[in-house]
Amino acid sequence: WGKLADLWGRKPVILAGSATFLVGSVACGAAPTMGTLIAARGLQGIGGGGVQPIAMTIVGDMFAPKERARMQGVFGAVWGVSAIVGPILGGLIVRALTWRWVFYLNLPFGVFSMVLLGLSLGPRPASQTGRRPIDFAGAALLSIAVLALLAGVAGHAALVLLPLSAVAVVAFILVERRQPEPLVPMDLMRKRVIAVSSGVSSVVGGVMTGSVIYLPLYAQAVLDASPAAAGATVAPMLVGWPIASALSGRILLVVGPRPLVRFGFTLVALSAIGLDWLVHRGAPLDALRACMFAFGVGMGLASTANIITVQDSVPFQRRGVATASTMFFRTIGGAVSVGVLGAVLARSLGGQVPESVLDSLLGPDHGQSLGAELVARYRSAMQAGMAPLFHILAALGVMAAIVGALYPRVRLSESGEHHEEVLSTAE
């Protein structure tokens, strides 16, 4: 989607992404089976890939770095509030109606936003008109590489799929170097700011997604937390992130991006180490929540500065793919992390906690049917089995801080590069 936005303009691409997302939403709501629901969620994801990065790219087009920093802070605040309100609203919808309306509810808001975008965004830039080749070969090879990697780390034919992923990556690089309009321009990766951003995004994506997935599981299975309380262990991250994002946007042009990126990812590392230490000692939920708040602050400080710097380091014609690439690496890092951590957890437990027992521990009776002695034994086994996961997350956090320390000194332009594809109503 990011490359298409560079080729065809932002407006048609974000409208196409929105439409795809809404079709996926309707398919989710109408899904008759779990397999259909999973496929429809995949379609939603395809459409979502054409919404979030393109929206951030449009912000990069419309505003100079000083204004862009403030607007990215606003985006971060909206995202944080939505991430907290969404699950609560979803629970109310499911209770009052059915789960299908969680998906159908996207329709009126999605259609309304598409109308606003259609009326407000100007036409695509003249410099981007004309027929441009689409890199289908690169897209196919990248898809093979990613899917094989994700399936391999999840334990499905790893000896075949992981080498296949590596071969596909090599083939992708060779193809991209020969394409007139490559999906991912290889010279972008030779820019230090892009290379460091991609590396640190993939690592920190692993820490973030791993924490969000496995910390609530730990809270439920080991600390006997309710599902709501377990979910609330990660909620402070969604509070700290937008607050720090707004702060980062305000001071970015004063201190520059490098201190914010370095300090932010150092705070992420310290938070991951703190989580590891607290889990090892069976600390209460409030201590875990404090760590997740600090984690969110670190992410808010670093990510806002990083995305603005990446956008400012490339010309307009490459801003879409540069923005999308940063998000791509963070998403892939998170997906790989979850797969690896799941495999580690399965091996660590090694049959010590049967699936039926885990269902009981996570169920409404919190394992009471098993008896106090068995519950205590199984919870202890779960704590020991999950400990390696948080060791890995701590190591990834340290790696993020180390890669973040390589972030170059960058001076943002005062005025930025504006283009005619702006809000037509603003003119």
Side-chain angles (χ1 to χ4, degrees), residues 52-53 56-57 59-60 63-80 83 191-208 211 236-274 290-314 319 322-323 325-327 329-330 333-334 396-417:
Q52 186 181 15
M56 297 186 73
T57 302
V59 171
F63 298 99
K66 183 177 181 179
E67 300 165 311
R68 193 185 307 160
R70 179 174 56 85
M71 291 308 300
Q72 295 290 9
V74 172
F75 264 55
V78 171
W79 176 82
K191 286 179 172 284
R192 185 177 172 186
V193 66
I194 301 289
V196 173
S197 171
S198 300
V200 76
S201 293
S202 62
V203 177
V204 83
V207 184
M208 181 180 69
S211 302
M237 179 189 77
L238 305 174
V239 176
W241 191 322
I243 293 174
S245 180
L247 177 64
S248 176
R250 288 183 176 276
I251 64 176
L252 176 60
L253 290 180
V254 178
V255 302
R258 185 161 72 164
L260 290 173
V261 170
R262 287 180 167 182
F263 179 74
F265 288 134
T266 299
L267 191 54
V268 165
L270 293 175
S271 302
I273 294 170
C291 257
M292 290 307 293
F293 178 81
F295 185 98
V297 170
M299 287 296 296
L301 289 174
S303 9
T304 298
N306 180 49
I307 196 67
I308 292 173
T309 306
V310 166
Q311 290 180 338
D312 198 57
S313 69
V314 295
R319 191 173 288 148
T323 303
S325 295
T326 300
M327 297 184 176
F329 280 105
R330 190 167 76 189
L396 288 175
V398 172
M399 190 181 303
I402 292 173
V403 178
L406 301 176
Y407 210 81
R409 187 185 301 277
V410 179
R411 182 177 180 180
L412 298 177
S413 59
E414 289 295 326
S415 60
E417 183 182 357

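For this chain, numbers begin at 1 and follow the sequence in order.
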So do [Y] and [X] actually touch side chain to side chain, heavy atoms under 4.5 Å?
| X | Y | answer |
| --- | --- | --- |
| Leu252 | Pro257 | yes |
| Met327 | Gln52 | yes |
| Phe329 | Val200 | no |
| Ile194 | Ser198 | yes |
| Met292 | Ser211 | yes |
| Phe295 | Pro236 | no |
| Asn306 | Tyr407 | yes |

Please report the shortest heavy-atom distance between [X] and [Y], naming the atom on each side.
| X | Y | answer |
| --- | --- | --- |
| Val203 | Ala400 | CG1-N, 3.7 Å |
| Pro259 | Gly256 | CD-O, 3.4 Å |
| Ser248 | Leu260 | OG-CD1, 3.5 Å |
| Ala305 | Val261 | CB-CG2, 4.1 Å |
| Gly397 | Ala269 | O-CB, 3.1 Å |

Residues in side chain to side chain contact (heavy atoms under 4.5 Å, CB included) contact with Val297, at least two apart in sequence or another chain
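Val297: side chain to side chain contact (heavy atoms under 4.5 Å, CB included) contacts with Ala244, Leu267, Phe293, Leu301.
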
Verify, without hydrogens or angle tests, whether Ser245 (side chain) and Trp241 (backbone) share a donor-acceptor contact under 3.5 angstrom.
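No, because the side chain of Ser245 does not come within donor-acceptor range (under 3.5 Å) of the backbone of Trp241.
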
Counting only N and O atoms by type, is there a donor-acceptor contact under 3.5 Å from the side chain of Arg192 to the main-chain atoms of Leu406?
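The answer is yes, because a donor-acceptor pair under 3.5 Å joins these two groups.
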
Look up atom CZ in Phe265 and atom OG in Ser303, then write down how far apart they are to the nearest 0.5 Å.
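If we round to the nearest 0.5 Å, Phe265:CZ and Ser303:OG are 6.0 Å apart.
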
How long is the straight-line distance from CE of Met208 back to CE of Met237, given to the nearest 0.5 Å?
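These two atoms lie 6.0 Å from each other.
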
Do Thr326 and Ser201 meet the criterion of a side-chain donor-acceptor pair at a distance under 3.5 Å?
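The criterion, which ignores hydrogens and geometry beyond distance, is not satisfied for Ser201 and Thr326.
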
Side chain to side chain contact (heavy atoms under 4.5 Å, CB included) with Val268: which of Val204, Val398, Leu396?
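One option only clears the test, and that one is Val204.
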
Checking Ser325 now: which residues fulfil side chain to side chain donor-acceptor pair (under 3.5 Å) with it, not counting sequence neighbours?
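Result, side chain to side chain donor-acceptor pair (under 3.5 Å) vs Ser325: none returned.
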
